[in-house]
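Only one structure is covered here, and it is reproduced in the block below.
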Amino acid sequence: MSSMMRLLLIPFMALLVLTGCSNANVIDHIRILTVLGFDKSDSGYTGSALYSDYEEKGKIKVLQGKAKQTRVILKEMAFQSAQPIRIEKLKMLAFSKEVAGEGLSAFLKTICRDPLISNYVIMAVFDESLASVSESLAGKGSQEFPYHLIEQNMKREMIPYSNLSTVLFDYYGTGRDFSMPYLKLNQKKDIEISGYGIFKDDRLKFVLNPEEMLYFKLLQGDAMRGDVPFMIKKGSNEAPAIFTVNYGKQSRTVTFNQNEILVSYSFMLSGMVNEYPEWFALDVEGNTHSLIQQLEGQIRSRLLALLNKFVNDKVDPLGMGDLIRSRQRSWNEEKFYEADYGKIKYDIQFRTQLSKSGVGE
């Protein structure tokens, strides 16, 4: 290498070293909030913010503030921090069940519309106060942040998909209601997904249990993967089994017949039966056909029960109103939910592909 090239490389390498050092200093001297949660308090709301302290190997730390407005809460947190706090990397917005029960409109119209906040922020409701949840997480590693729990279950399990973008779309849209995961602390003080919160307008209406949550995701039609429990019967024998969905597709059609509205669901499910009783041999063609019939019948029954539950509780998290509106010029929201929503007929059809029945078969 020529002496001239060496002279040119020296300042370039020095620049790289200085740049790397400056970035590390910036990370170490700001508070990057990743989880922000709100509880009810006498003065309005109590906000709890979680961040990773990189000076202590990324351990979770907590900041808190009390005020009537979310912006003031963030300022209260800033007054307690020796470093600037930033919300650009926020991963999760969480609310206690008391806040969700009173309504989230104040948050949806302020902090959720902040241009610094990503549309992919996960939103969730906690059964406990966010202050107690924060206490249980303080000092743990960053891998314990609750948004990791939700993200991986949305991708790999039967947890319905949602984020800030879907919540705002359903909240401001016509003929729709929004929903989000419902979490709790178990006996070990670890966070777990216990259900799915269904909202009416901006208030928490009720919570789907884990079984209902599974079928809600099927009705959503997004990333259908996970385990579906069902019962196998043959003669006097009956036992539980598991159908693992590896891939699925769903489509909806609407048919108008005089005063009747028919919504037809069509499912294509591909997967395998991982657990089943020894007395039900799947290498027998008749058994395989019977299994598929029983599986489809039980899924259909549970899907219809969930659809009827939404109607009876007067919520529309699947956007049936929006679906009908897109195909009916004279659609009126008030009239639809008063007179037509409860009269919708549902037809559910399946095409199930049993790819294999387990290892070695």
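What you see is a predicted model, and the numbers here were worked out from it, not measured in a lab. One is the number of the first residue; the rest follow in order along the sequence.
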Notebook entry, point to check: Between the side chain of Q250 and the main-chain N/O of L219, is any donor-acceptor distance below 3.5 Å?
Noted result: yes
Check: Are the side chain of T110 and the backbone N or O of A106 linked by a donor-acceptor pair below 3.5 Å?
Finding: yes
Item checked: Side chains of E296 and T352, donor plus acceptor under 3.5 Å -> yes
Checklist line | Non-hydrogen atoms of D39 and S96 that approach each other most closely | finding: OD1-CB, 3.3 Å
Margin query: When you measure from the side chain of Y341 to the backbone of V315, do you find a donor-acceptor pair of N or O atoms at a distance under 3.5 Å?
Written below: yes
Next item on the list: Answer yes or no: is there a side-chain heavy-atom contact under 4.5 Å between V273 and I242?
Entry: no
Check: Just wondering, do Y147 and V121 contact through their side chains at under 4.5 Å, heavy atoms?
Finding: no
Next item on the list: Give a yes or no on this: more than 12 heavy atoms of other residues, nucleotides or ligands lie within 6.0 Å of atom CG of N237.
Entry: yes
Check: What do the steps show when you test L33 against L50 for side-chain contact (heavy atoms from CB on, under 4.5 Å), and what is the final call?
Finding: CA-CA 6 Å; L33 306 187; L50 305 180; over 6 Å; no
Margin query: Check this for me: does any side-chain nitrogen of one of K345 and E260 sit under 4.0 Å from a carboxylate oxygen of the other?
Written below: no
Check: Is the distance between the ring centroids of F95 and F107 under 6.0 Å?
Finding: yes
Next item on the list: Heavy atoms only: give me the nearest S165-N163 pair and the separation to one decimal.
Entry: N-OD1, 3.0 Å
Note to self: Checking N274 against T244: is there a side-chain donor and acceptor pair closer than 3.5 Å?
What the structure shows: yes
Checklist line | Linked, directly or transitively: I150 and M213 (ILVMFWY side chains, under 4.5 Å) | finding: yes
Check: Any chance NZ of K140 has more than 12 other-residue heavy atoms, nucleotides or ligands included, within less than 6.0 Å?
Finding: yes
Checklist line | Considering all heavy atoms, the nearest A281-N287 contact | finding: O-ND2, 2.9 Å
Check: In terms of hydrophobic clustering (I, L, V, M, F, W, Y; side-chain heavy atoms under 4.5 Å; direct or indirect links), are W331 and F256 co-clustered?
Finding: yes
Next item on the list: Would you sort out whether L164 and Y120 count as a side-chain contact (heavy atoms from CB on, under 4.5 Å), showing the intermediate values?
Entry: CA-CA 6 Å; L164 176 58; Y120 299 103; over 6 Å; no
Notebook entry, point to check: Who are the side-chain hydrogen bond (donor to acceptor under 3.5 Å, both in side chains) partners of Y337, not counting sequence neighbours?
Noted result: D316
Checklist line | Validation row: L183, S194 side chains within 4.5 angstrom (heavy atoms) | finding: no
Note to self: When you measure from the side chain of S81 to the backbone of Q83, do you find a donor-acceptor pair of N or O atoms at a distance under 3.5 Å?
What the structure shows: yes
Next item on the list: Without swapping roles, check the side chain of K217 against the backbone of I159 for a donor-acceptor pair under 3.5 Å.
Entry: yes
Next item on the list: Report the C-alpha separation of R31 and D53 in whole Å, then their side-chain angles, then the decisive distance to 0.1 Å, and conclude whether the side-chain contact (heavy atoms from CB on, under 4.5 Å) test is met.
Entry: CA-CA 8 Å; R31 301 298 188 219; D53 190 337; 4.2 Å; yes
Notebook entry, point to check: Do you know which two heavy atoms are closest between T288 and L282, and how far apart they sit?
Noted result: OG1-O, 2.9 Å
Next item on the list: Can you run down the salt bridge (Lys or Arg N to Asp or Glu O under 4.0 Å) pairs that involve residues 228-244, sequence neighbours left out, and say none if there aren't any?
Entry: none
Check: So do the side chains of S162 and M154 get within less than 4.5 Å of each other, counting heavy atoms only?
Finding: yes
Next item on the list: Give a yes or no on whether the backbone of L104 and the side-chain of D202 come within a donor-acceptor separation of less than 3.5 Å.
Entry: yes
Next item on the list: Quick one: closest heavy-atom pair of L185 and S132, and the distance?
Entry: CD1-O, 4.3 Å
Item checked: Which residues share a side-chain hydrogen bond (donor to acceptor under 3.5 Å, both in side chains) with D190, sequence neighbours left out -> none
Next item on the list: For the pair D201 (side chain) and R203 (backbone), establish whether a donor and an acceptor sit closer than 3.5 Å, ignoring hydrogens and angles.
Entry: no
Next item on the list: Mark yes or no for whether Y196, through its side chain, and S179, through its backbone, hold a donor-acceptor pair below 3.5 Å.
Entry: no
Notebook entry, point to check: Looking at M268, R225, M224, which hits side-chain contact (heavy atoms from CB on, under 4.5 Å) with Y247?
Noted result: M268
Check: So, E192 and K184, do they make that salt bridge, N to O below 4.0 Å?
Finding: yes
Checklist line | NZ/NE/NH1/NH2 to OD/OE distance under 4.0 Å, R176 and D170 | finding: yes
Margin query: I'd like to know if the side chain of S134 reaches the main chain of L130, judged simply by a donor and an acceptor atom lying under 3.5 Å from each other, with no hydrogens or angles considered.
Written below: yes
Next item on the list: Enumerate the residue pairs fulfilling salt bridge (Lys or Arg N to Asp or Glu O under 4.0 Å) with a member in residues 300-315, sequence neighbours excluded, ordered by first and then second residue.
Entry: E211-R302, E212-K309
Next item on the list: Please name all residues satisfying side chain to side chain contact (heavy atoms under 4.5 Å, CB included) with S43, sequence neighbours left out, ordered by chain then number.
Entry: S41, K66
Item checked: Any donor-acceptor pair under 3.5 Å from Q64 side chain to A49 backbone -> no
Next item on the list: Consider only side-chain N and O atoms of S105 and Y171, and report whether a donor and an acceptor are under 3.5 Å apart.
Entry: no
Margin query: Under a plain distance cut-off of 3.5 Å, with no hydrogens placed, do D347 and Y265 share a side-chain donor-acceptor pair?
Written below: no
Notebook entry, point to check: Do D322 and R325 sit within salt-bridge range, that is, some charged N less than 4.0 Å from a carboxylate O?
Noted result: yes
Check: So I87 and I117, side-chain contact (heavy atoms from CB on, under 4.5 Å) or not? Walk me through it.
Finding: CA-CA 7 Å; I87 63 172; I117 296 179; 4.2 Å; yes
Next item on the list: State whether the number of non-hydrogen atoms from other residues, nucleotides or ligands found under 6.0 Å of Q69 atom CD is greater than 12.
Entry: no
Notebook entry, point to check: Which residue pairs pass the ring pair (Phe, Tyr, Trp, His ring centres under 6.0 Å) test when at least one of the two sits in residues 57-91, sequence neighbours left out?
Noted result: none
Notebook entry, point to check: Strictly under 6.0 Å, is that where the ring centroids of F350 and F267 end up?
Noted result: yes
Margin query: Using a strict threshold of under 4.0 Å (side-chain N to carboxylate O), is an ion pair present between E56 and K61?
Written below: yes
Next item on the list: Find out whether F126 and P146 are in side-chain contact, i.e. whether some heavy atom of one side chain is under 4.5 Å from a heavy atom of the other.
Entry: yes
Notebook entry, point to check: Does CZ belonging to R351 count more than 12 external heavy atoms closer than 6.0 Å?
Noted result: no
Checklist line | Residues D114 and R71 bridged, charged N to O under 4.0 Å | finding: yes
Checklist line | Ring-face cation of K40 near Y45 (centre distance under 6.0 Å, axis angle within 45°) | finding: yes
